[in-house]
Amino acid sequence: MKEPKVHVGILFEPQIEFILLNPYRINGIEISGKQVVTYNEGRILWNGRLYDELLFEPVNEATDAFELLDVTIGINFHWERKEDQRFLGSLKIIVENKKLTGINVIHVEDYLTSVISSEMSATASLELLKAHAVISRSWLLAQIHKNKEITETQAEYSAFTQTDEELIRWYDREDHTRFDVCADDHCQRYQGITRASTEIVKQAIAATRGQVLTSDGKICDARFSKCCGGAFEEFQYCWEDTPHPYLRKQRDFRIFNPKTCDLSFEATRPGGGLPDLTDEQEAETWIRTSPPAFCNTTNKRILSQVLNNYDQETTDFYRWKMEYTQEELSALILKRSGIDYGQIIDLVPIARGTSGRLWKLKIVGTKRTLTIGKELEIRRTLSTSHLYSSAFIVGKEDVSPEGIPGRFILTGAGWGHGVGLCQIGAAVMGEEGYKYDAILLHYYIGASIEKLYD
C-alpha cells in the first residue's frame, strides 16, 4: 500500500483566521497571505461569498505551510491555553455543529513527526521514540480503519448506558465522524510544525517507517498512557466491552538473566505475582504500597523524556493523594456532572479493572445516589480537569453524628487509563538498554511488528 494521508481536526470556532505562508491553490487559483472564514447560517463566508466546504492545497507539498491563529491546546486540561500554530499539508474548512472546523490533511509520516515531537521530549532515547512511532502509527491507522467500518456499515455506535441507578459512559472516537482524529490529548497531541522536530525524532520515524503492531491479522488499537501505576489495565474496563488479546493485565516489569545480560524480549520474562486488583482488599494494599515497576521512578532525567514542561509540574503520579472538604467535593460533583447529589455521604467502589482502576463508582448523596463509570467519567466527575487516574481508595474524616464526612481523601496510583504502553515505564526500559521491539512486546502482549508500506 501507499503511505496514507490523515485528516486531523485542529480548530472548532465560529470564525477561523489563518495565514497562507506560501502560495496555496483553491479552485484553480493561487492565493497567499492572511485569510478569514466565518460561519454564516450553515455555510462558510469567505471573501464575500458563501461555500459548503473549502480546500486550500499547497503548491509545493514538501515545504509549503500555513498558520492557524488562536488554536486552543489542552482542551479541558489544567494547562489549557491558546497559541498560533503552523502546519504542512492542506487546510480544509467544513461546517459542523453550527461552527467551522479547520482540518489539516497531511501524510501519516509527517503527522507522526509532529505527534512524537509534541508527545515526547527531545531528550527521549532513540529506542523509546522508535517504540512511540510504531504505536502512534498503529493507533492512527486502526482508528482510520475503524471509522471507515462504522461509516460503511452505518453501525450504531453507542458509548453509554443509562438507567435510574447507573450512568456508564466512555469517551472514545465516536464523536469524530468528519475527520480521522483531533489534535488534542483526547486523540494524540498534534501541533503541526509549531515546535521544531528534532533530528532524533526524524531518525526514529525513518527507522520504523510503515511499521505497525498487529494481532490476529489486524492492526492493533495501540493505546498508551503516562503511568500505569505498576499494572496494566485491560481495554474493556475503559472503553467498549470488547477485550483485546494484546491489551491484557500484567506487572510492569521484566525479569532477566544477569549472566547473559540479554535484554531481548525472548530472553526476559514478565514480572509475576500480580495480585487480583479487582478484589477490593488487594487493590487497597496495592495502592497504599509502592511495588517495584518500570514506571516507579523519580529520576528527573528519565521523567523529562516523557513529560513536557507543563506536565513536569506534576511529580507524584506513581502514587498520589487528593483531599477535598465536603463543600469542595459536593460543589465539584454538581458542577462537573450537572447532578445535585446534595451533601456527599460516601464514594463506594463497585467494580475495579485489572490495574485496580475503578470502572464503577457509587456516589451516595443526601438527595441522590447513582453509580457512574467508566474510568474517564469517574475522573472527570471528581476533578476540575481530570483526576490522575481512577485507581484510588477513599478515606473519610471528620464524620458528623448524621454520617456526613467533613473531608474526603483519595489515595491513588498511576496517571491516565493504564492500558497499553506506559510512557514512563517505557522510558525507563529504554534507559536500561531494552530495544524498541522488546519494549513494544512487553506492553502489547502476543502482538507482532509488521511493515505496511515502504
Side-chain angles (χ1 to χ4, degrees), residues 166 168 170 223-239 241 243-255 268-298 316-323 346-364 371-379 381-383 386-397 405 408-422 424-425 428 442-446:
E166 224 175 48
I168 305 299
W170 58 94
R223 305 290 168 125
F224 60 90
S225 65
K226 284 277 189 288
C227 173
C228 68
F232 307 169
E233 192 48 82
E234 295 190 353
F235 181 90
Q236 68 274 18
Y237 297 116
C238 297
W239 298 287
D241 198 12
H244 291 9
Y246 49 89
L247 297 175
R248 294 205 306 275
K249 69 174 184 181
Q250 185 174 280
R251 280 289 289 269
D252 186 28
F253 72 87
R254 298 194 75 77
I255 298 158
T268 60
R269 57 190 173 86
L274 179 65
D276 177 7
L277 300 179
T278 65
D279 176 85
E280 198 53 38
Q281 202 49 58
E282 294 280 17
E284 176 154 354
T285 305
W286 176 263
I287 291 167
R288 286 202 187 280
T289 53
S290 185
F294 287 127
C295 60
N296 186 357
T297 181
T298 52
D316 306 325
F317 42 78
Y318 188 71
R319 293 295 180 268
W320 50 263
K321 252 193 179 62
M322 282 288 283
E323 295 193 17
D346 208 350
L347 301 172
V348 185
I350 300 296
R352 292 185 185 272
T354 53
S355 70
R357 281 168 173 78
L358 284 162
W359 68 275
K360 282 189 179 184
L361 174 76
K362 186 191 282 187
I363 301 176
V364 182
T371 297
I372 64 166
K374 294 187 174 182
E375 64 89 34
L376 190 52
E377 182 72 5
I378 293 168
R379 289 165 60 203
T381 303
L382 296 181
S383 166
H386 294 64
L387 197 65
Y388 290 129
S389 90
S390 68
F392 61 82
I393 46 179
V394 181
K396 292 169 291 187
E397 291 184 352
F408 287 85
I409 299 159
L410 308 186
T411 305
W415 185 359
H417 50 66
V419 178
L421 180 127
C422 166
I424 290 166
V428 171
H442 168 61
Y443 288 107
Y444 303 97
I445 297 160

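A quick note: this is a predicted structure, and the numbers were derived from the prediction, not measured. Just so it is clear, the values below take in all heavy atoms, side chains as well, and ignore hydrogens, waters and symmetry mates.
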Chemist: Please walk me through it: do L410 and K321 pass side chain to side chain contact (heavy atoms under 4.5 Å, CB included)?
Modeler: CA-CA 6 Å; L410 308 186; K321 252 193 179 62; over 6 Å; no
Chemist: First locate atom CH2 of W359, then atom OG1 of T278, and finally report the distance between them rounded to the nearest 0.5 Å.
Modeler: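 One gets 11.0 Å once the value is rounded to the nearest 0.5 Å.
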Chemist: Can you name the closest pair of heavy atoms from S389 and G414 and give their distance?
Modeler: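 Heavy-atom minimum between the residues: CB-O, 3.6 Å.
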Chemist: How long is the gap from CH2 on W170 to SG on C238, to the nearest 0.5 Å?
Modeler: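 One finds 12.0 Å between CH2 of W170 and SG of C238.
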Chemist: Please give me the minimum heavy-atom distance between Y318 and P291, naming the atom from each residue.
Modeler: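 Of all heavy-atom pairs spanning Y318 and P291, the closest is OH-O, 2.6 Å.
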Chemist: For the atom pair OG (S355) and CG (D252), what is the distance rounded to the nearest 0.5 Å?
Modeler: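 The distance works out to 11.5 Å.
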Chemist: Would you call the rings of W415 and Y388 parallel, tilted or perpendicular, taking 30° and 60° as the class edges?
Modeler: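 Geometry flag for Y388 against W415: perpendicular rings.
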Chemist: Which atoms form the tightest heavy-atom contact between I287 and G356, and what is the distance?
Modeler: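 Shortest heavy-atom separation between I287 and G356 comes out as CD1-O, 4.4 Å.
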Chemist: List the residues meeting salt bridge (charged side-chain N to carboxylate O under 4.0 Å, His left out) with D346, not counting sequence neighbours, and say none if there are none.
Modeler: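 Only K396 meet the salt bridge (charged side-chain N to carboxylate O under 4.0 Å, His left out) criterion with D346.
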Chemist: Ignoring hydrogens and geometry beyond distance, is a side-chain donor-acceptor pair present between R254 and H442 at under 3.5 Å?
Modeler: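 Yes, H442 and R254 have a side-chain donor paired with an acceptor closer than 3.5 Å.
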Chemist: Mind checking the OG1-CD1 spacing from T298 to I424? Nearest 0.5 Å is all I need.
Modeler: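 If we round to the nearest 0.5 Å, T298:OG1 and I424:CD1 are 11.0 Å apart.
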Chemist: Which value, rounded to the nearest 0.5 Å, describes the distance between I393 atom CD1 and R288 atom CZ?
Modeler: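 If we round to the nearest 0.5 Å, I393:CD1 and R288:CZ are 3.5 Å apart.
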Chemist: Applying salt bridge (charged side-chain N to carboxylate O under 4.0 Å, His left out), which residue pairs with at least one partner in residues 351-362 are found, sequence neighbours left out?
Modeler: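 Every pair satisfying salt bridge (charged side-chain N to carboxylate O under 4.0 Å, His left out) with a residue in residues 351-362: E166-K360, E280-R352.
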Chemist: Per the side-chain hydrogen bond (donor to acceptor under 3.5 Å, both in side chains) rule, which among E233, Q236, K249 passes with T354?
Modeler: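 Looking at E233, Q236, K249, the match for T354 under the side-chain hydrogen bond (donor to acceptor under 3.5 Å, both in side chains) is E233.
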Chemist: State the CZ-CG distance between R379 and L361, to the nearest 0.5 angstrom.
Modeler: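 One gets 14.0 Å once the value is rounded to the nearest 0.5 Å.
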Chemist: For the pair F317 and C295, evaluate side chain to side chain contact (heavy atoms under 4.5 Å, CB included) and give the outcome as yes or no after the intermediate values.
Modeler: CA-CA 10 Å; F317 42 78; C295 60; over 6 Å; no
Chemist: Could you check whether the rings of F235 and H244 sit parallel, tilted or perpendicular, using 30° and 60° as the cut-offs?
Modeler: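 Answer is parallel, since the angle falls under 30°.
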